[in-house]
Amino acid sequence: MIFLTALPLFWIMIAASRGGHWGAWMPSSISAFEGTCVSIPCRFDFPDELRPAVVHGVWYFNSPYPKNYPPVVFKSRTQVVHESFQGRSRLLGDLGLRNCTLLLSNLSPELGGKYYFRGDLGGYNQYTFSEHSVLDIIK
Ligand SMILES: *[C@@H]1O[C@H](CO)[C@@H](O)[C@H](O)[C@H]1NC(C)=O
C-alpha cells in the first residue's frame, strides 16, 4: 500500500479546520503503482444543526455532479458501483465519524483521475465537495 509523504501536514490541516460547516479535506494529489492498492485519507464536515440520523456518502469519479452521471466508485446507500470499481473500492472510514477514507485496490490505469466525495444526510442535505483527490497511476 502506498501512503503519501505529506500525511502529517494533512492531519494538522484537518485538526485546524473543524467548525461545523460543509467542508472536506483530502490530499489534492496521490500516486500509486499499477497493481497495488491506495487509500485516500478523507475527512468531511457539515453544519452541526443538521443532526442527521444516518450519514451516507458517495464517491464519484471525474465529475462532482450527479446530473452528469459520473461513475460511482462507492455508495453507502446501495453498494452499487460502476463496473470499473466492482470489488476494488471499499470505504475504510466511518461516515458517522465524518471520515470518508477510501481504499482502492488492484489499481489499473483507467482508475487514474479525479475522486470527489458527496455527503448525503438525507433530503436536500446532500453536497459534493469541490475539494478532490487526483489519483495518478504509475506504470
Ligand atoms: C479515518 O479512518 C481511517 C481508516 O479507518 C483511519 O486510519 C484514520 O485514522 C481515520 N482518521 C481520523 C482523522 O480519524
Side-chain angles (χ1 to χ4, degrees):
M1 200 179 293
I2 312 286
F3 285 102
L4 84 170
T5 49
L7 211 50
L9 175 64
F10 173 68
W11 292 124
I12 290 165
M13 283 160 49
I14 286 163
S17 55
R18 301 278 325 194
H21 53 79
W22 290 104
W25 298 269
M26 63 187 87
S28 57
S29 67
I30 192 159
S31 301
F33 287 96
E34 185 175 359
T36 67
C37 62
V38 68
S39 80
I40 302 178
C42 172
R43 287 273 294 165
F44 65 106
D45 204 1
F46 51 80
D48 289 330
E49 59 268 25
L50 292 179
R51 288 184 231 288
V54 187
V55 179
H56 282 285
V58 187
W59 276 94
Y60 285 132
F61 183 65
N62 276 340
S63 168
Y65 304 113
K67 280 181 191 158
N68 294 350
Y69 302 103
V72 172
V73 176
F74 169 86
K75 190 168 192 170
S76 63
R77 275 188 193 277
T78 65
Q79 311 288 333
V80 176
V81 300
H82 186 267
E83 58 186 358
S84 319
F85 295 97
Q86 263 164 26
R88 302 164 101 184
S89 61
R90 192 151 67 87
L91 196 76
L92 296 181
D94 180 341
L95 293 176
L97 300 176
R98 306 180 191 194
N99 184 331
C100 38
T101 300
L102 179 73
L103 178 70
L104 297 169
S105 50
N106 192 13
L107 294 174
S108 57
E110 80 262 21
L111 267 55
K114 296 177 192 164
Y115 288 79
Y116 289 89
F117 180 71
R118 179 174 179 85
D120 173 1
L121 312 189
Y124 292 110
N125 295 315
Q126 300 187 32
Y127 191 94
T128 308
F129 300 99
S130 57
E131 297 81 1
H132 58 275
S133 282
V134 180
L135 176 62
D136 175 38
I137 306 291
I138 305 162
K139 286 181 226 171

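Keep in mind that the numbers below use all heavy atoms, side chains included, and drop hydrogens, waters and symmetry copies. Residues: numbered from 1 along the sequence shown. Ligands are counted one by one from 1 in listed order, and the atoms in each one are counted from 1 as well.
- Heavy atoms of Leu92 found under 4.0 angstrom from ligand 1 belong to the backbone as well as the side chain.
- Of the inter-residue distances, the one linking Ser133 atom OG with Lys114 atom NZ reads 12.0 Å to the nearest 0.5 angstrom.
- In this pair, His82 and Phe85 present their aromatic rings perpendicular. The plane angle is above 60°, beyond the 30 to 60° band.
- Close contacts of ligand 1 with Arg43, meaning ligand atoms under 4.0 Å from a residue heavy atom, involve 13 (C).
- Counting atoms of ligand 1 from 1 in the listed order, those under 4.0 Å from a heavy atom of Thr101 are 1 (C), 2 (O).
- The distance from atom CE of Met26 to atom CD1 of Ile40, rounded to the nearest 0.5 Å, is 8.0 Å.
- Only one option out of Phe129, Phe61, Phe74 pairs with Tyr115 in a ring pair (Phe, Tyr, Trp, His ring centres under 6.0 Å); it is Phe61.
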